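Below is one structure; the comments refer to it alone.
Note that these values count all heavy atoms, side chains included, but never hydrogens, waters or copies made by symmetry. Just so it is clear, the structure is predicted and the values come from calculations on it, not from any experiment.
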Amino acid sequence: MAAEGWIWRWGWGWRCPGRPGLPCPGPGPTTPLLLLLLLGRVAADITDGNSEHLKREHSLIKPYQGVGSSSMPLWDFQGSTILTSQYVRLTPDERSKEGSIWNHQPCFLKDWEMHVHFRVHGAGKKNLHGDGIALWYTRDRLVSGPVFGSKDNFHGLAIFLDTYPNDESTERVFPYISVMVNNGSLSYDHSKDGRWTELAGCTADFRNRDHDTFLAVRYSRGRLTVMTDLEDKNEWKNCIDITGVRLPTGYYFGASAGTGDLSDNHDIISLKLFQLMVEHTPDEENIDWTKIEPSVSLLKSPKGGCVRPLPVWAWVPGVRPGLGHS
């Protein structure tokens, strides 16, 4: 069956054995009917998986083309990145390395889903490895910098797969996945592991696994969802689910990684982008989606407060500008 014929019922969570990164038809056997009934309107907004289509111009799939060269069709890479027949290695397990890979073509899909097959591994023992991978949907591409090998103050969306806790006072358990939306005004604070600009996150034990590890990112009608498959069970596990996210079209997909005093191998095996066939209102269709400013309508603070940005990150008396209670 062609890839576009497979279904991922969002939130049901099952993937098909033998088809890494591809969704499984129908609900899993543990899905409670009552839950589906209670979801009601939410379920109605979820696209029918039969309408999902793999977009090869935005996907990185084996067999790779251009092995041994410094470029490949549809993708550019820089820094320490090397291309092999089995994986794209963003950084080797060596100190002070950074690398990235970026899609040539801007993406003009309003609703999409990215499946990432990745691997983070190395010789370092507990808390003696770093730093992690960043997945990007941003305005600028191929700009190296201090944020997991890419630029700070970016425009767009970032998903951080962070393996090292720089903040010794943190209560979070690493490895840790978090998301950030930026209009260029915010800086990622490595010393706090991005805590003040994090929209949401979850602990995810993806390092040094002896089986395949996957992550899925879905953006549709302002709803951003991140799910993982890290236990070799062929099923998705919820990590992040937030609404009120506005992202423009015409940005670029990419992945980057960086090492410092500590290191790891950071590998991308595949990136698969699916178009979600979602109906929009006439008013939504008339919007110039390339002109939208990246924004979030409601941002929860790590300490339990919340800020409603105007239009993205607003200053509120007694609150750190656009970030959370001080």
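Taking each heavy atom of Asp229 and Lys233 in turn, the nearest pair found is OD1-N, 4.0 Å. Nearest heavy atom pair, residue Ser59 against residue Lys272, reads OG-CA, 3.6 Å. Across Gly124 and Arg207, no two heavy atoms sit closer than the pair O-NH2, 2.9 Å. Heavy-atom minimum distance, Asp76 versus Arg141: OD2-NH2, 2.7 Å. Minimum interatomic distance between His58 and Trp75 (heavy atoms only, all atoms of both residues): O-CZ2, 3.6 Å. The shortest heavy-atom contact between Gln78 and Ser144 is NE2-N, 3.5 Å.
Counting only distance, with no hydrogens or angles, the side chain of Ser150 and the backbone of Gly145 share no donor-acceptor pair below 3.5 Å. Judged by distance alone, the side chain of His190 and the main-chain N or O of Pro146 form a donor-acceptor pair under 3.5 Å. Side chain of Asp189 to main chain of Gly194: no donor-acceptor pair is present (N/O by atom type, distance under 3.5 Å, no hydrogens or angles). Side-chain N or O atoms of Asn208 include one that pairs as donor or acceptor with a backbone N or O of Gly122 at under 3.5 Å. Listed for the His155 side chain is a donor-acceptor partner under 3.5 Å among the backbone atoms of Asn183. The main-chain N or O of Ile269 is found under 3.5 Å from a side-chain atom of Tyr64 such that the two form a donor-acceptor pair.
For the pair Arg195 and Asp167, the salt-bridge criterion is not met [side-chain N within less than 4.0 Å of a carboxylate O].
Arg56 meets the side chain to side chain contact (heavy atoms under 4.5 Å, CB included) test with Leu54, Ile61; sequence neighbours excluded. Residues satisfying the side chain to side chain contact (heavy atoms under 4.5 Å, CB included) criterion with Thr281, sequence neighbours excluded, are Arg221, Asp283, Glu284. Considering only residues two or more places apart in sequence or on other chains, Glu285 meets the salt bridge (charged side-chain N to carboxylate O under 4.0 Å, His left out) condition with Lys110. Residues forming a salt bridge (charged side-chain N to carboxylate O under 4.0 Å, His left out) with Asp205 (at least two apart in sequence, or on another chain): Arg209. Every residue two or more places apart in sequence or in another chain that forms a disulfide bond (SG atoms under 2.5 Å apart) with Cys239 is listed here: Cys202. For the side chain to side chain contact (heavy atoms under 4.5 Å, CB included) test, residues two or more places apart in sequence or in another chain that qualify with Ile287 are Trp289, Ile292.
Taking the six-membered ring for Trp, Tyr137 and Trp112 have ring centres closer than 6.0 Å.
Atom CE in Met227 sits 9.5 Å away from atom CD in Glu235 (nearest 0.5 Å). The CG atom of Leu230 lies 8.0 Å from the CG atom of Leu215; values are rounded to the nearest 0.5 Å. Within the model, atoms OG1 of Thr84 and NZ of Lys62 stand 8.0 Å from one another, a figure rounded to the nearest 0.5 Å. Rounding to the nearest 0.5 Å places CD1 of Ile133 at 11.5 Å from CG of Asp131. Between Leu224 atom CG and Ile159 atom CD1 the span is 6.5 Å, to the nearest 0.5 Å. Rounded to the nearest 0.5 angstrom, Phe154 CZ and Arg139 CZ are separated by 12.0 Å.
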Side-chain donor-acceptor distances from residues 249-258 under 3.5 Å, at least two apart:
from: Ser256; atom 1: OG; to: Trp136; atom 2: NE1; distance (Å): 2.8
from: Ser256; atom 1: OG; to: Phe148; atom 2: O; distance (Å): 2.6

Only distances under 3.5 Å count here; give the side-chain donor-acceptor pairs of residues 87-94 to other protein atoms, sequence neighbours excluded, each with its distance to 0.1 Å.
from: Arg89; atom 1: NE; to: Asp267; atom 2: OD1; distance (Å): 2.7
from: Arg89; atom 1: NH2; to: His121; atom 2: NE2; distance (Å): 3.3
from: Arg89; atom 1: NH2; to: Asp267; atom 2: OD2; distance (Å): 3.0
from: Thr91; atom 1: OG1; to: Asp264; atom 2: O; distance (Å): 3.0
from: Thr91; atom 1: OG1; to: His266; atom 2: ND1; distance (Å): 2.7
from: Asp93; atom 1: OD1; to: Ser263; atom 2: OG; distance (Å): 2.6
from: Asp93; atom 1: OD1; to: Asp264; atom 2: N; distance (Å): 3.4
from: Asp93; atom 1: OD2; to: Ala123; atom 2: N; distance (Å): 2.9

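Between the side chains of Thr138 and Asp140, not a single donor N or O lies within less than 3.5 Å of an accepting N or O.
The hydrophobic clustering, which links ILVMFWY residues whose side-chain heavy atoms are closer than 4.5 Å, places Ile82 and Leu271 apart. Note on Leu74 and Leu273: same hydrophobic cluster, where clusters join Ile, Leu, Val, Met, Phe, Trp and Tyr whose side-chain heavy atoms are under 4.5 Å apart, directly or indirectly.
Other cluster members for Val143: none, since no ILVMFWY side-chain heavy atom sits under 4.5 Å from it. Taking a 4.5 Å side-chain heavy-atom cut-off between Ile, Leu, Val, Met, Phe, Trp and Tyr, the cluster of Tyr176 extends to Phe174.
Heavy-atom neighbours of Arg246 CZ from other residues, nucleotides or ligands within 6.0 Å: at or below the threshold of 12. Dense packing is recorded around CG of Asp288, with more than 12 heavy atoms of other residues, nucleotides or ligands lying under 6.0 Å away.
Looking at Leu161 and Val120, their side chains never come closer than 4.5 Å, going by heavy atoms from C-beta outward. Counting heavy atoms from C-beta outward, Pro294 and Pro248 have side chains that approach closer than 4.5 Å. Taking 4.5 Å as the limit, some side-chain heavy atom of Arg223 sits within range of a side-chain heavy atom of Asp241. Residues Lys55 and Gln105 form no side-chain contact, since every pair of their non-hydrogen atoms from C-beta on lies 4.5 Å or further apart. You'll find the side chain of Glu293 stays beyond 4.5 Å of the side chain of Ser295, heavy atoms only. His104 is not listed as a side-chain neighbour of Glu57, based on a closest heavy-atom distance of 4.5 Å or more. At a threshold of 4.5 Å between non-hydrogen side-chain atoms, the residues Ile177 and Phe206 count as touching. You'll find the side chain of Val179 reaches within 4.5 Å of the side chain of Ile242, heavy atoms only.
Under the side chain to side chain contact (heavy atoms under 4.5 Å, CB included) test applied with Tyr219, the options Thr225, Leu276, Asp111, Val245 reduce to a single match, Val245.
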Worked verdict on His53 versus Met277 for side chain to side chain contact (heavy atoms under 4.5 Å, CB included): CA-CA 8 Å; His53 299 277; Met277 308 304 292; 4.0 Å; yes
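Legend: disulfide (SG to SG under 2.5 Å) pairs involving residues 83-193, not counting sequence neighbours: none detected. Sequence neighbours left out, not one pair with a member in residues 137-185 passes disulfide (SG to SG under 2.5 Å).
Between Phe160 and Tyr188, the ring planes lie tilted relative to each other; the angle falls in the 30° to 60° range.
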